[in-house]
Amino acid sequence: MPYLDAITGPAMGRRYPLENSQYVLGRHPDCDIVLESGSVSRQHARISKSGSHFVLEDLKSRNGSFVNGRLIGEPTKLLEGDTIRICDIELNFHEESQSSELTANPSPEGSGFGIMIVEDDDSSSRSVTAKLDVRGSQYGVQLSSSPEARLTAILEIMKNLGKAVSLDDVLPKVLDTLFTIFIQADRGFIVLKDADGQLKVHCDKTRRPDQKENIRVSKTVLREVMQTKEAIISLDAASDARFELSQSVADFRIRSMIVAPLLDSAGDPIGAIQIDTVQQKGGFENKDLEILVGIAVVAGIAIENAQLHEQEIEKRLVKQDLDLARQVQMAFLPKTATHIPGYSFFQYYNPAQQIGGDYFDYIELDKNRLVIVIADVVGHGVAAAMFMAKLSAETRFAFATIDDPRIALASLNDRITALGVEKYITMSAVVLDYVSHKASIVIAGHMAPIMLTATKDIVEPGLDVGGLALGIESDQLYEVFEQELLPGESLTLYTDGIFEAPNAMGAPFSIERVRQQVAASAGDIKKAGEEIVGQVLKHSAGCDQEDDMCLVIFGRNPN
């Protein structure tokens with residue numbers, strides 16, 4: 001006669017003969033086979049006869065039914081020795097009663113539980129049945145590791161953690177060693193807080209592959225240990241009042257568990273370690289708590305060091321990327337000042353970060369014309385730098401293909417606006433005819449150039465012809481201001497990072513001081529540039545640079 005043997009659970013050792021054609025298994029007292037476990041559904045599964053064999057059917061239970069460690073979806077035919085698992089209860093199916101011969105029935109692959117040995121005494125027909133829980137990936141006896149083995153494992157984990165420099169190295173080593181020390185553990189988790197303070201499982205380990213199917217972690221338990229900074233052990237988690245609201249404990253069928261907080265060097269919680277078992281017998285003991293706490297203390301520091309190491313590596317990678325981006329960006333800008341007979345030039349560029357949004361350029365139009373352009377993309381950093389690269393190409397195209405600077409600027413504005421990027425650009429451009437010494441000035445939301453005249457006066461040509469900044473609205477009209485340059489006269493173009501640079505009191509350098517430095521140079525282009533830069537840096541000494549700085553000065557040499 002076919003029958004079921006209960007090999008784990010409250011009814012372990014009980015035999016259920018399958019005399020009828022159908023049996024309902026579940027928690028409800030009216031079921032044919034009552035399974036006493038809170039995680040079992042009221043009517044969980046059905047065993048029924050189909051022709052000459054029996055099949056197992058799951059009755060849409062909450063936690064599913066398993067045959068030989070595999071979750072079933074359709075009615076599954078039962079064969080001799082199959083193991084049925086319903087939550088934390090396992091039953092072996094046999095097609096007929098065993099004879100009194102010596103028989104050994106190892107647990108089928110994937111169940112990880114139960115070795116039943118039937119022995120026969122020659123002097124009588126008496127049979128003795130012994131049951132021993134089996135753990136491991138497939139086969140392995142549930143025994144407590146010796147004190148010597150635990151000490152060796154703890155020393156090993158300390159040695160391994162001392163060498164580990166990344167989380168990918170640290171976390172698996174912690175769990176591997178825990179499973180060496182705590183042979184009764186079924187599952188282990190390491191949970192860490194992310195940058196937003198949210199808890200995330202960074203590493204997990206199970207004794208058997210099939211236990212991966214229902215992995216869930218109780219936030220109730222984790223909050224308990226991280227808020228109190230106290231490790232806990234529960235020898236009967238299912239009935240522990242501390243976790244009575246934790247559905248994960250019930251669903252996960254946890255019988256015994258240890259959870260310890262992971263603290264950094266400052267004593268602040270960064271995560272937690274949990275190991276647990278679903279077995280009713282052979283669970284954890286109170287002395288195990290001290291062992292896990294000792295490991296958690298070492299692991300917490302190792303994890304913090306690994307996180308700091310990874311952060312440092314990430315910073316270096318970011319720095320390398322930014323250094324490369326700076327090299328690329330600087331390739332868009334003139335490396336040295338241009339050379340034109342009878343003229344002198346000075347240039348200075350210093351981004352607030354490794355890359356910036358300020359832009360300047362010299363664009364050769366023909367044998368006697370040069371465009372000197374300076375611009376400021378709103379903001380600074382990576383986004384502004386990327387936009388600046390696009391601006392460089394578009395500016396060169398606009399002024400190289402359109403002779404009229406007003407139309408060239410209007411075309412550039414249309415192309416920038418069409419990109420749909422929520423950034424705008426201020427720009428001043430001077431088309432210099434260095435044969436006739438005429439400067440055509442067009443401005444889009446930028447400061448007008450500061451001009452030092454032959455009489456040593458300071459004026460700002462183009463102040464009244466400025467138009468809307470680029471990228472705000474298309475179809476704009478721009479005006480041009482024509483200015484002749486006499487010997488000794490110069491034009492200074494600059495961005496707001498120059499005159500807005502603050503000192504320790506927050507006071508900006510100011511445009512007026514830029515004008516004063518231009519006037520004090522007496523027409524010496526190099527002296528004017530060096531003095532302006534020197535005074536700005538002196539003014540803002542000890543302060544972080546808040547914006548990109550760009551300065552271009554050019555003018556006719558004195559006769």
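Quick caveat: nothing in here was measured; it's all calculated off a predicted structure. The analysis underlying the following values was restricted to heavy atoms, covering all of them including side chains, and did not include hydrogens, waters or symmetry mates.
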Within the side chain of [X], is there an N or O that forms a donor-acceptor pair under 3.5 Å with the backbone of [Y]?
| X | Y | result |
| --- | --- | --- |
| N413 | G471 | yes |
| D264 | A266 | yes |
| E19 | P2 | no |
| K229 | G267 | yes |
| D58 | K60 | yes |
| Y349 | L333 | no |
| S41 | Q43 | no |

How far does [atom1] of [X] sit from [atom2] of [Y], to the nearest 0.5 angstrom?
| X | Y | atom1 | atom2 | result |
| --- | --- | --- | --- | --- |
| K390 | T395 | NZ | OG1 | 10.5 Å |
| I190 | D204 | CD1 | CG | 9.5 Å |
| N68 | E90 | CG | CD | 9.5 Å |
| L175 | F189 | CG | CZ | 9.5 Å |
| I47 | L25 | CD1 | CG | 5.0 Å |
| R415 | E394 | CZ | CD | 4.0 Å |

Taking atom [atom1] of [X] as the centre, report whether more than 12 heavy atoms of other residues, nucleotides or ligands fall under 6.0 Å from it.
| X | atom1 | result |
| --- | --- | --- |
| Y424 | OH | no |
| N20 | CG | yes |
| Q22 | CD | yes |
| Y16 | OH | yes |

Judged by modelled atom types alone, do [X] and [Y] share a side-chain donor-acceptor pair under 3.5 Å?
| X | Y | value |
| --- | --- | --- |
| T426 | D376 | no |
| S474 | D414 | no |
| E80 | H94 | yes |
| S265 | E304 | yes |
| N92 | T83 | yes |

Is the closest side-chain heavy-atom distance between [X] and [Y] below 4.5 Å?
| X | Y | result |
| --- | --- | --- |
| I425 | V378 | no |
| F387 | L419 | yes |
| D288 | I181 | no |
| L4 | L18 | yes |
| E230 | P261 | no |
| P351 | Q545 | no |
| L78 | V67 | yes |

All side-chain hydrogen bond (donor to acceptor under 3.5 Å, both in side chains) counterparts of S392, not counting sequence neighbours:
none
For T417 and L470: C-alpha separation, side-chain torsions, deciding distance, then whether side chain to side chain contact (heavy atoms under 4.5 Å, CB included) applies.
CA-CA 7 Å; T417 304; L470 306 177; over 6 Å; no
Nearest heavy-atom neighbours spanning [X] and [Y]:
| X | Y | result |
| --- | --- | --- |
| S50 | V55 | CB-CG1, 4.2 Å |
| H202 | L192 | CD2-CB, 3.5 Å |
| L56 | A45 | CD1-CB, 3.9 Å |
| Q274 | V259 | CG-CG2, 3.8 Å |
| A185 | I275 | CB-CB, 4.5 Å |
| A352 | D547 | CB-C, 3.5 Å |

Go through F66 and I72 one step at a time and tell me if the side chain to side chain contact (heavy atoms under 4.5 Å, CB included) criterion holds.
CA-CA 6 Å; F66 297 78; I72 64 171; over 6 Å; no
Would K205 pass as a cation-pi partner of F179, given that its NZ or CZ must be under 6.0 Å from the six-membered ring centre and within 45 degrees of the axis?
yes
For E57, which residues count as a salt bridge (charged side-chain N to carboxylate O under 4.0 Å, His left out) partner, sequence neighbours excluded?
R46
Check R187 with D276, please: is the shortest side-chain N to carboxylate O separation under 4.0 Å?
yes
What verdict does the side-chain hydrogen bond (donor to acceptor under 3.5 Å, both in side chains) test give for S39 and N63, after you've listed the backbone C-alpha separation in whole Å, the side-chain angles of each residue and the deciding distance to 0.1 Å?
CA-CA 8 Å; S39 55; N63 292 315; 4.7 Å; no
Who pairs with L199 by side-chain contact (heavy atoms from CB on, under 4.5 Å), at least two apart in sequence or on another chain?
V191, K193, L222, M226
Apply side chain to side chain contact (heavy atoms under 4.5 Å, CB included) to I295 and L178, showing your working.
CA-CA 9 Å; I295 293 174; L178 288 177; 3.6 Å; yes
Going through the distances and angles, do K423 and V377 end up as a side chain to side chain contact (heavy atoms under 4.5 Å, CB included)?
CA-CA 7 Å; K423 283 185 176 294; V377 178; 4.2 Å; yes
